[in-house]
Structure formats: C-alpha cells, structure tokens
Student: 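Below you'll find the structure I mean.
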Amino acid sequence: ARPPRGARHVELTYTVGPVPVSAPLFGAEVVSRFVTSIANNGTFFTDSNGREMQRRQKDYRPSWPFDQTDPVAGNYFPVTTAVAMRDAAAQLTVLTDAAQGASAAAWPGGVLELMVH
C-alpha cells in the first residue's frame with residue numbers, strides 16, 4: 001500500500017494461513033516486505049520487550065566478535081512490538097500485534113522484512 005501524498009501513516013491488516021505443509025514446499029516462510037527509499041545502510045532498530053529500541057547493524061554484534069555464516073538468518077532479530085529504520089529524511093516504524101522476526105540488514109538499503117509465519 002502506498003500512503004496518499006502528505007499522509008503520516010498507513011494501517012495494514014492481513015490474515016495468514018493455512019501454510020502448505022506438503023510437497024513441493026514442505027512448509028514456507030511467510031514475510032511482509034516493505035520497500036522504501038530510506039538509506040538505512042544496514043542499520044535498523046528493534047524493541048526490547050517494549051522497553052527501549054535496540055540498534056541493529058548488519059553482520060555485527062556489540063558483545064562479541066561476530067563471524068557471519070548465514071547472511072539472511074544471521075541478520076534477523078526478534079520483535080515484540082516495534083521495528084524501525086531511518087535516514088536523515090525519513091523514518092519507517094512498524095508496530096506489530098504479535099512477536100515476529102525482522103531484518104532490514106539482510107537486504108539492500110531501504111528494505112524492511114518481517115517474518116509473519
């Protein structure tokens with residue numbers, strides 16, 4: 001959905017299911033992908049159980065030397081209520097009603113992905 005010119009927010013509601021569990025898929029990962037012009041340079045923010053936003057950086061962990069072995073899964077982080085990415089001109093914040101995984105670091109700049117199912 002593209003917000004109308006001048007709009008400050010947009011609300012999206014969706015239902016997922018059932019997810020196929022037979023050949024050829026044997027299950028699937030269902031994601032919502034938001035493509036924007038935000039130049040986030042592999043940085044985004046996830047909430048910490050609704051308390052504060054944690055800075056997330058592509059292929060980096062602040063507590064230990066990080067050796068990336070899976071560039072997609074290794075850049076997904078838990079989200080309980082909110083995920084955001086921003087640059088000097090714009091910010092995208094997504095509020096969720098259920099815990100999900102999110103990444104804005106596994107894809108080219110400006111892409112935010114939430115794993116829905």
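Worth knowing before you read on, the calculation uses all heavy atoms, side chains too, and leaves out hydrogens, waters and symmetry mates.
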Student: When rounded to the nearest 0.5 angstrom, what is the spacing between CG in N41 and CE in M85?
Tutor: 11.5 Å

Student: Please check if any side-chain donor atom of R56 sits under 3.5 Å from a side-chain acceptor atom of Q54, or the reverse.
Tutor: no

Student: May I ask whether F45 and V111 are part of the same hydrophobic cluster, defined by side-chain heavy atoms of I, L, V, M, F, W, Y residues being less than 4.5 angstrom apart, directly or through others?
Tutor: no

Student: Measuring only between side-chain heavy atoms, which start at C-beta, is L114 closer than 4.5 Å to V94?
Tutor: yes

Student: Give a yes or no on whether the backbone of G110 and the side-chain of N40 come within a donor-acceptor separation of less than 3.5 Å.
Tutor: yes

Student: Could you walk me through whether F34 and V83 pass side-chain contact (heavy atoms from CB on, under 4.5 Å), step by step?
Tutor: CA-CA 12 Å; F34 301 90; V83 58; over 6 Å; no

Student: For residues T81 and D47, is any side-chain donor paired with an opposing acceptor at under 3.5 Å?
Tutor: yes

Student: Between atom CD of Q100 and atom OH of Y76, what is the distance when rounded to the nearest 0.5 Å?
Tutor: 10.0 Å

Student: Any idea which heavy atoms bring V79 and T96 closest together, and the distance?
Tutor: CG1-OG1, 4.2 Å

Student: Decide if atom CZ of R33 counts as having more than 12 heavy atoms of other residues, nucleotides or ligands within a radius under 6.0 Å.
Tutor: yes

Student: Regarding T43 and Q57, do their side chains bring together a donor and an acceptor under 3.5 Å, going by distance alone?
Tutor: yes

Student: Just verifying a value: how many Å separate M53 CE and T93 OG1, rounded to the nearest 0.5 Å?
Tutor: 6.5 Å

Student: Looking only at heavy atoms, which two atoms of M115 and V31 are closest? And how far apart?
Tutor: CA-CG1, 4.0 Å

Student: Does A89 offer a backbone N or O that forms a donor-acceptor pair with the side chain of D87 under 3.5 Å?
Tutor: yes

Student: What closest approach, in Å, do N75 and S103 show between heavy atoms, and which atom pair accounts for it?
Tutor: O-OG, 2.8 Å

Student: Both conditions, 6.0 Å and 45 degrees, for the charged tip of R86 above the ring of F44: are they met here?
Tutor: no

